[in-house]
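Lettering follows sequence order; numbering is per chain, from 1. Side chains are part of it too, since the values below use all heavy atoms of this structure and drop only hydrogens, waters and symmetry mates. What you see is a predicted model; the values in this text were computed from it and never measured.
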Amino acid sequence: MGVVIQMRVNGKTQQHEVEPRLLLVHYLRDVLGLTGTHIGCETSICGACTVLLGGKAVKSCTLLAVQADGADVVTIEGLAALGGNGGLHPVQEGFWEKHGLQCGYCTPGMILAAVELLQTNPKPKEEEIRRAIAGNLCRCTGYQHIVDAVQYAARKMAAAKR
Amino acid sequence: MIPAAFEYHAPKSLEEALRLLSRHGNEAKILAGGHSLLPLMKLRLAAPRCVIDIGRIQALRYIREENGRIAIGALTTHTEVLESPLLRAKCPLLPQTAWEIGDVQVRNRGTVGWSLAHADPAADYPAAVLALDAELVAASVHGTRTLRAMEFFVDMLTAALLPGEILTEVRVPILPPRTGTAYRKLHQPASGYALVGAAACLTLGPGGIVERVAVGLTGVGPKAYRAVAVEKALAGKKASEKLLTGAARHAVPEHVEPLSDLQASAEYRTAMAVVFVRRALESALARAQGKPR
């Protein structure tokens, strides 16, 4: 039996009838075609599927689509629009400038986790950045460049506010 | 990994949820934040015929001072516990424990009440609510009852909730002056669950005497427990490093059979229980003495 759900995804209202067991990550990828959200471990550990739900980072593999009914969701595809400058979001730019990725698999989740951090803590210390991305696993950059990328974004966002 | 199909209900009020639960009985499972239940359903270790999603009941999401205690709605997330100014000021052990749970994404979804109701032997809050002698409020269509933390954990993944009951509230004390608390944990490196987690709550009396102390342990055995022998070794004595070290040796009493699995042997868990109880006590004592720790 299907359930009709409605949510705003990257600013656009979506409405579909879904099976209650459909996971949010599958809704985003298979129903909406937003394949930027990756599926990694499927066990709530790796963070590749991280999206923002009501501004908070969540693992979309551990959420039913029906639980997100009525919510506001941001995926990597919608992030640039949040940056407010017409181009990449500062965190995306940081990953570009500081070589924050190699294979790119963890990158969308990593970026969205960093976005949540910078919303609440605009000037994080290195240890705070590492803690904020503790729920996101990367198997190739070695994390240092990712930390550099988030620091770059923090500086850039602070400069834009001045 | 896709859960088996189920019938889905999303009640808007507790009363509606209780009616649904009483109608569906054992065929129904309560879904709160979903960070315990959904992983089990994806692995098909759980395949309930009916899921009652209580996540939309906003009335179960609060932290407030009430009748000399702090009442926390069962659907309050770990992040909300962690960031609560009220808890930080008056019962810091809960935020200290929430800080050690999972990661940001898990803390944003997981709920204090239903983490407790899941009674995972490696969850963090059980140690804290035991050390705080917290009360847990369960509701059913017949009314509500209050349970003490010490009677709440029955066995592995089994809490003292009866069929038809929904956990609605956790009540913790406002801690008196000269009280220090701490939660110290040995993380399982992949999952972040506690191989051993020790929560301590220690109040100093005149002359640096340990006036009151409670220690809760999780991860060690099939269910969380109060380390009563540790508490007895400390109560009424003058606090010192030597006293704490000696007391911590009693962390695993005879009636607790430590878990032994791929991640840690019973011997290792026992040895680490002693270490982490000592560390929790040392931090709690330092904080009770007003030292930053």
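Taking 4.5 Å as the limit, every side-chain heavy atom of B/M1 sits out of range of all side-chain heavy atoms of A/L23. Here the side chains of B/L31 and A/L64 are in contact, with some heavy-atom distance below 4.5 Å. Side-chain contact between A/K56 and B/T77 is absent, with no heavy atoms from C-beta onward closer than 4.5 Å.
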Please test B/Q105 against A/N136 for side chain to side chain contact (heavy atoms under 4.5 Å, CB included), starting from the C-alpha separation and ending with a verdict.
CA-CA 9 Å; B/Q105 293 95 321; A/N136 295 75; 2.8 Å; yes

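Contact annotation for A/L53: only side-chain heavy atoms (C-beta onward) come within less than 4.5 Å of a heavy atom of chain B. Heavy-atom distances place no part of B/A10 under 4.5 Å from chain A, backbone and side chain included. Neither the backbone nor the side chain of A/L117 comes within contact range of chain B; no heavy atom of the residue lies under 4.5 Å from a heavy atom of that chain. For A/C61, the parts lying under 4.5 angstrom from a heavy atom of chain B are both the backbone and the side chain.
Looking only at distances, no side-chain donor or acceptor of B/N108 sits under 3.5 Å from a matching main-chain atom of A/V58.
Annotation: the span from A/I133 atom CD1 to B/D103 atom CG amounts to 11.5 Å, rounded to 0.5 Å. If you take OG1 on A/T62 and CZ on B/R109, they are separated by 10.0 Å, rounding to the nearest 0.5 Å. The CD1 atom of B/I2 lies 5.0 Å from the NE2 atom of A/H26; values are rounded to the nearest 0.5 Å.
Scanning residues 38-45 of chain B against chain A with a 4.5 Å heavy-atom cutoff picks out B/L38, B/P39, B/K42, B/R44, ordered by number.
Within a 6.0 Å sphere centred on OH of A/Y143, other residues, nucleotides and ligands contribute more than 12 heavy atoms. More than 12 non-hydrogen atoms from other residues, nucleotides or ligands lie less than 6.0 angstrom from CG of A/D30.
Heavy atoms only, all atoms of each residue included: A/Q67 and B/Y8 are closest at N-OH, 4.3 Å. The shortest non-hydrogen separation linking A/R131 to B/R107 is NH2-NH1, 3.6 Å.
Ranked by non-hydrogen atom pairs under 4.5 Å with chain A, the options B/S191, B/A4, B/A5, B/G34 are led by B/A5.
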